[in-house]
J.: 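Can you read through this structure? Questions will come right after.
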There are 2 protein chains.
Amino acid sequence: MKEMKIDNIGDFLKSKNIKPSFQRIRIFEYLMNSIEHPTVDEIYKALIGEIPTLSKTTVYNTLNLFIEKRIVHMVTIEENEVRYDADVSDHGHFKCDICGKVYDFKANIIELDTDLSESFIINQKDIFFRGTCPSCSKKN
Amino acid sequence: MKEMKIDNIGDFLKSKNIKPSFQRIRIFEYLMNSIEHPTVDEIYKALIGEIPTLSKTTVYNTLNLFIEKRIVHMVTIEENEVRYDADVSDHGHFKCDICGKVYDFKANIIELDTDLSESFIINQKDIFFRGTCPSCSKKN
DNA sequence: ATTTAGATTGTAATGATTACATTTTTATTA
DNA sequence: TAATAAAAATGTAATCATTACAATCTAAAT
């Protein structure tokens, strides 16, 4: 999910040195408007109706390009499948072990105190919590 | 990697309600002494010499049991394969995008400021950074 | 209009993980 | 101790996400 609104996705992609093909625009748009953190399969299924020639390989290629250009984050919450997030700002993910739902939360990662040497160049910071979400803990 | 030394792994497993079979003891011991965060395949290959009848299914079963009993953490750093860590204390992982090596670092996760409601029950906290490690950035 | 690079597609292969049934080991009871 | 039951380990086969690669299509450039 992206808080900042991008009015013209084509121009945004261009500004990141990405040629704005139709598929790329629609994939980024879908990811931007997703509250969940969709998998490749979910993105593919959501767009195949509108783009009948879309192939899963294109979704993979496009997402890998977006990651390389740093406009999308890979979220390895699940064991088996990778999820994607168009919100590249610092924030955390909470996964409920019961219902499997993933919640976003704000975290002040910049102020996190670590013993990591200055000579490590950090490109991405992820915070990931697991546990039981309020609605599932109520049921027990 | 586990900082705290466990002198008798069998007793330790028993204390966690895990029957200490030979395979389970050896798998936990291997994980405890690993500086890296081995994959299922790495654990299997490391032990097959010593335990020729060991099956990969057993490694999977055992690790899933350890996770359930909270004595091992799943580390989803890689895209494709899950890694495991016998250090369940709060700490972070840094993965170098160039050489792929994973570094542990200390992080004061408890003091991390988040907007997550109190009604979320947190069982596991993970911090994961990506970037370039000192030895790889020197080379460029 | 032609050429060329880039983007998309489909097929097939790879490789991690799980399902499930069978066998082996360990614990329990008579 | 022997018999029985429960738990653990094993092997095979299946599933499914991901990638490799070659072919086709599209769009930009000359």
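In the text below, chain A, chain B and the rest are named by the order of the sequence lines, each starting its count at 1. Please read these numbers as outputs of a predicted model, since none were measured by experiment.
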J.: With a 4.0 Å limit, can you tell me whether Ser21(B) has a side-chain N or O closer than that to the phosphate oxygens OP1/OP2 of dA8(D)?
T.: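 Checking dA8(D) against Ser21(B), no side-chain N or O comes under 4.0 Å of OP1 or OP2.
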J.: To the nearest Å, give me how far apart NZ (Lys19(B)) and P (dA6(D)) are.
T.: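 Rounding to the nearest Å, NZ of Lys19(B) and P of dA6(D) are 11 Å apart.
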J.: Look at the side chain of Thr76(B) and the backbone N and O of Thr76(A), then say whether any donor-acceptor pair between them is shorter than 3.5 Å.
T.: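 Flag set: sc Thr76(B) to bb Thr76(A) pair under 3.5 Å.
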J.: How long is the span from the CD1 atom in Ile43(B) to the CG atom in Leu63(B), to the nearest 0.5 Å?
T.: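 Rounded to the nearest 0.5 Å, the CD1-CG separation comes to 4.5 Å.
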J.: Output the single nucleotide from dT19(D), dT17(C), dA19(C) whose closest atom is nearest the side chain of Asn64(A).
T.: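 It is dT19(D).
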J.: Are Phe28(A) and Phe12(A), when compared by the centres of their aromatic rings, separated by less than 6.0 Å?
T.: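 They qualify: ring centres under 6.0 Å apart.
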J.: I need the CD1-P distance between Ile25(A) and dA7(C), as an integer number of Å.
T.: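 After rounding, the gap between these two atoms is 13 Å.
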J.: Within this structure, what is the CZ-CG distance for the pair Arg83(B) and Asp41(B), rounded to the nearest 0.5 Å?
T.: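 The distance works out to 10.0 Å.
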J.: Between atom NZ in Lys45(B) and atom C1' in dA16(C), what is the gap in whole Å?
T.: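 Computing the Lys45(B):NZ to dA16(C):C1' distance gives 12 Å.
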J.: Using whole Å, what does the distance between atom P of nucleotide dT26(D) and atom CG of Leu54(A) come to?
T.: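 Roughly 14 Å, once rounded to whole Å.
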J.: Using whole Å, report how far CG of Leu63(A) lies from C1' of dA7(C).
T.: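 These atoms are roughly 15 Å apart.
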J.: Rounding to an integer number of Å, can you tell me how far Met74(A) CE sits from dT18(D) C1'?
T.: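 It is 12 Å, rounded to the nearest whole Å.
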J.: Using OP1 and OP2 only, check whether a side-chain N or O of Thr53(B) sits under 4.0 Å from dT10(D).
T.: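 For dT10(D), OP1/OP2 do have a side-chain N/O of Thr53(B) under 4.0 Å.
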J.: Think Gln23(B) has a side-chain N or O under 4.0 angstrom from the OP1 or OP2 of dT10(D)?
T.: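 For dT10(D), OP1 or OP2 has a side-chain N or O of Gln23(B) closer than 4.0 Å.
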J.: Please report, rounded to the nearest Å, how far the P atom of dA19(C) is from the NZ atom of Lys56(B).
T.: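 It is 17 Å, rounded to the nearest whole Å.
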J.: Using a heavy-atom cut-off of 4.0 Å across all strands, would you classify Asp41(B) as base, sugar-phosphate, or nothing?
T.: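 No contact.
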J.: Could you tell me whether the phosphate oxygens of dT18(C), OP1 or OP2, come under 4.0 Å of any side-chain nitrogen or oxygen in Tyr60(B)?
T.: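 Tyr60(B) to dT18(C) OP1/OP2: no side-chain N or O under 4.0 Å.
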J.: Please name the residue in the list Tyr103(B), Phe105(B), Phe129(B) that meets the ring pair (Phe, Tyr, Trp, His ring centres under 6.0 Å) test with Phe120(A).
T.: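 For Phe120(A), the ring pair (Phe, Tyr, Trp, His ring centres under 6.0 Å) test succeeds with only one of Tyr103(B), Phe105(B), Phe129(B), which is Tyr103(B).
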J.: Rounded off to whole Å, could you give me the OH-to-P distance for the Tyr44(B) and dA9(D) pair?
T.: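 That distance rounds to 15 Å.
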J.: Looking at dG11(D), I'd like to know if its phosphate oxygens (OP1 or OP2) sit under 4.0 Å from a side-chain N or O belonging to Thr57(B).
T.: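 Answer is no, no contact under 4.0 Å.
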